[in-house]
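Working notes, beginning with the structure itself.
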Amino acid sequence: MTPEKLVYVLRHAPELGASIRLLVLDEGHQFDAGARGVTYELLVTSLKEMIPSVAQKVLISAVITNGSEIAKWLNGDESSVVAGPHLLPTERSVAFASWRTQVGQLFFVTPESPDHEEFFVPRVIKSSPLKVRRGERTIRRFPTKDDSQSVALYLALRLVGHGAVAIFCGRKDTATTLCEMLIDLVDRGLEMPMPVAISDETETELLARIYERNLGSTSAAARAAKVGAFTHHGSTPHGVRLAVEHAIKKGLGRFVLCTSTLAQGVNLPIRYLVVTTARQGGEKLKVRDFHNLMGRVGRSGMHTEGSVLFANPEIYDTREKADSKWSEFKALLQLGNSEPCASSLLTVLGPLKSNGGQITISIDPLDVVREYLADREGSGAWVDQIAEERSNRWFSKETLKRQLAERRDVLAAVESFLQAHWPEEEGWSGGSRGSEAAGELAKRTLAYHLASSEP
């Protein structure tokens, strides 16, 4: 069951906690996943007190590098860590698109040492002219070298016949753009088979109807669903995401346009992951998050192998230039570069960071709390106000707004948790026992464990 369900059960029947001897926590790297991570941390903190101290607690994650620190907080013993970063149950190949000549190709590299080329597949990316619409004079082609999104879509369409394909998009609007691009290609008579041709016809029709009823028949996602391409991101209604996951898992659908929601515990038989960017929501994608995403490819028990394809030819073709992004992608592929698992609850207390992250300015966390509490309408106007007051050449307004909005979301998660778990007999009119319980809960969190007494 989920941690939420278990905490609910134990609060209503605390005597059951005494019989628990083993607690297994999956996806154990979620502590710094923003508001979601705060709720997870508070739930795990609560569960620690609800079961006997002698009960064994096992936290599982494929991407935690500071396991000893987490283990010390969870079990009081930093040596209780079993590490196996290189124990991969399936083969996973990595390739970069290259397009220096008239026809593009794929270079497969060693993930641990991307500078080492294992082999290449020639003549796999070929640009073709599209039908010209009335009033157009310029002939459009698909794909084009300077458009990594079109290359990603091209590779996905070519590969979908060999297994389920996911295109990773760094932003939700990128997924929408790809849907619109696919619809335009269909309208222009692109001579490539659409995913619907190898998907279950009935399931595709049902999914398209679900998209229409939730998002409208004219939405890009609904229209793309009709040709077998399904979106899966934070703005996709939860029920629609579940329906897409079911279709992919059962082999009824084979083409999904997604953000990192695909990495959040979704167990799908993805054969190919096509990557368009190394950023998520405008920020550099964490190494840990990327490897968690890669873990969806070639899932053990579903496939014996899988492939991760980087669609932007510029990455590989300019790797020898000084301003190349090659080093960024090389670092992304090496699990040893994973960031330590931190606590979103703790970041609320930290300073604000500049545009590049090199400079910080202090901000009193209690000031943020006061502004949050004073915002009874919930409009978040204080976020804009503080960002406006503190913005300068190093700290843009948008950068500050994003960080402050994240803190607002964290505070909302804390407030929601306390509301759901406040002692019923005290209510919200006051009461010392509830306040003391909240204080004790704070002292037992991972955030408190990782924090320093120094400012």
Side-chain angles (χ1 to χ4, degrees), residues 3 24-45 47-48 57-88 111-112 170 260 263-265 278-296 327-354 356-360 362 365 402-403 406-407 409-410 413-414 442-455:
V24 180
L25 300 159
D26 196 12
E27 300 292 328
H29 48 268
Q30 297 185 67
F31 297 110
D32 58 358
R36 183 168 177 262
V38 169
T39 302
Y40 182 74
E41 180 177 343
L42 294 175
L43 287 167
V44 175
T45 302
L47 287 173
K48 285 177 57 182
K57 297 177 284 292
V58 180
L59 186 140
I60 302 172
S61 173
V63 289
I64 285 182
T65 55
N66 58 330
S68 58
E69 190 68 47
I70 305 297
K72 188 176 181 180
W73 167 72
L74 186 65
N75 292 319
D77 181 9
E78 62 182 15
S79 64
S80 58
V81 177
V82 178
H86 303 295
L87 300 179
L88 297 177
E112 296 78 17
S260 60
Q264 295 170 359
R279 296 189 171 272
Q280 175 71 26
E283 289 192 339
K284 187 182 296 185
L285 189 66
K286 290 182 179 179
V287 175
R288 193 180 72 233
D289 291 344
F290 182 72
H291 279 266
N292 198 35
L293 182 67
M294 284 178 63
R296 309 299 114 179
S327 58
E328 179 180 332
F329 281 84
K330 281 172 51 179
L332 197 63
L333 285 171
Q334 298 171 51
L335 185 59
N337 294 325
S338 293
E339 305 80 2
C341 184
S343 164
S344 292
L345 192 57
L346 185 59
T347 59
V348 175
L349 308 175
L352 297 171
K353 297 182 179 179
S354 62
Q358 295 89 354
I359 309 173
T360 60
S362 298
R402 175 176 46 77
Q403 295 178 65
E406 289 172 353
R407 293 171 193 231
D409 293 342
V410 166
V414 173
K443 292 180 181 179
R444 295 195 302 267
T445 60
L446 175 63
Y448 193 89
H449 173 78
L450 296 175
S452 170
S453 59
E454 298 178 1

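When all heavy atoms of S61 and G28 are compared, the pair lying nearest together is CB-N, 4.0 Å. The minimum heavy-atom distance between Y40 and L59, with the atom names listed, is OH-CD1, 4.4 Å.
Rounded to the nearest 0.5 angstrom, L349 CG and S452 OG are separated by 12.0 Å. A distance of 13.0 Å separates CG in L332 from NZ in K286, rounded to the nearest 0.5 Å.
Between the side chain of Q403 and the main chain of K353, a donor-acceptor pair closer than 3.5 Å is present. Put simply, the side chain of N66 gets close to the backbone of C341: a donor and an acceptor are under 3.5 Å apart. Using modelled atom types, one side-chain atom of E41 and one backbone atom of A447 make a donor-acceptor pair closer than 3.5 Å. Looking at S344, its side chain does come within 3.5 Å of a backbone N or O of G34 through a donor-acceptor pair.
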Candidate pair V44 and L74, rule side-chain contact (heavy atoms from CB on, under 4.5 Å), full reasoning: CA-CA 9 Å; V44 175; L74 186 65; 4.1 Å; yes
Show your reasoning for whether side-chain contact (heavy atoms from CB on, under 4.5 Å) applies to I70 and L446. CA-CA 8 Å; I70 305 297; L446 175 63; 3.9 Å; yes
Verify side-chain contact (heavy atoms from CB on, under 4.5 Å) between V414 and V38, making sure each step is shown before the conclusion. CA-CA 7 Å; V414 173; V38 169; 3.7 Å; yes
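Every side chain to side chain contact (heavy atoms under 4.5 Å, CB included) that T39 has, sequence neighbours left out, goes to E4, L43, A413. Partners of K330 according to the side chain to side chain contact (heavy atoms under 4.5 Å, CB included) rule, which considers only residues two or more places apart in sequence or in another chain, are P114, D115, W326, Q334.
Heavy-atom neighbours of K57 NZ from other residues, nucleotides or ligands within 6.0 Å: above the threshold of 12. For K48, the NZ atom counts as densely surrounded, since its 6.0 Å shell holds more than 12 non-hydrogen atoms of other residues, nucleotides or ligands.
When side chains are defined from C-beta on, R407 counts as touching L352, because their heavy atoms get closer than 4.5 Å. You'll find the side chain of T347 stays beyond 4.5 Å of the side chain of D32, heavy atoms only.
Ring planes of F31 and W73: perpendicular class, angle over 60° (limits at 30 and 60°).
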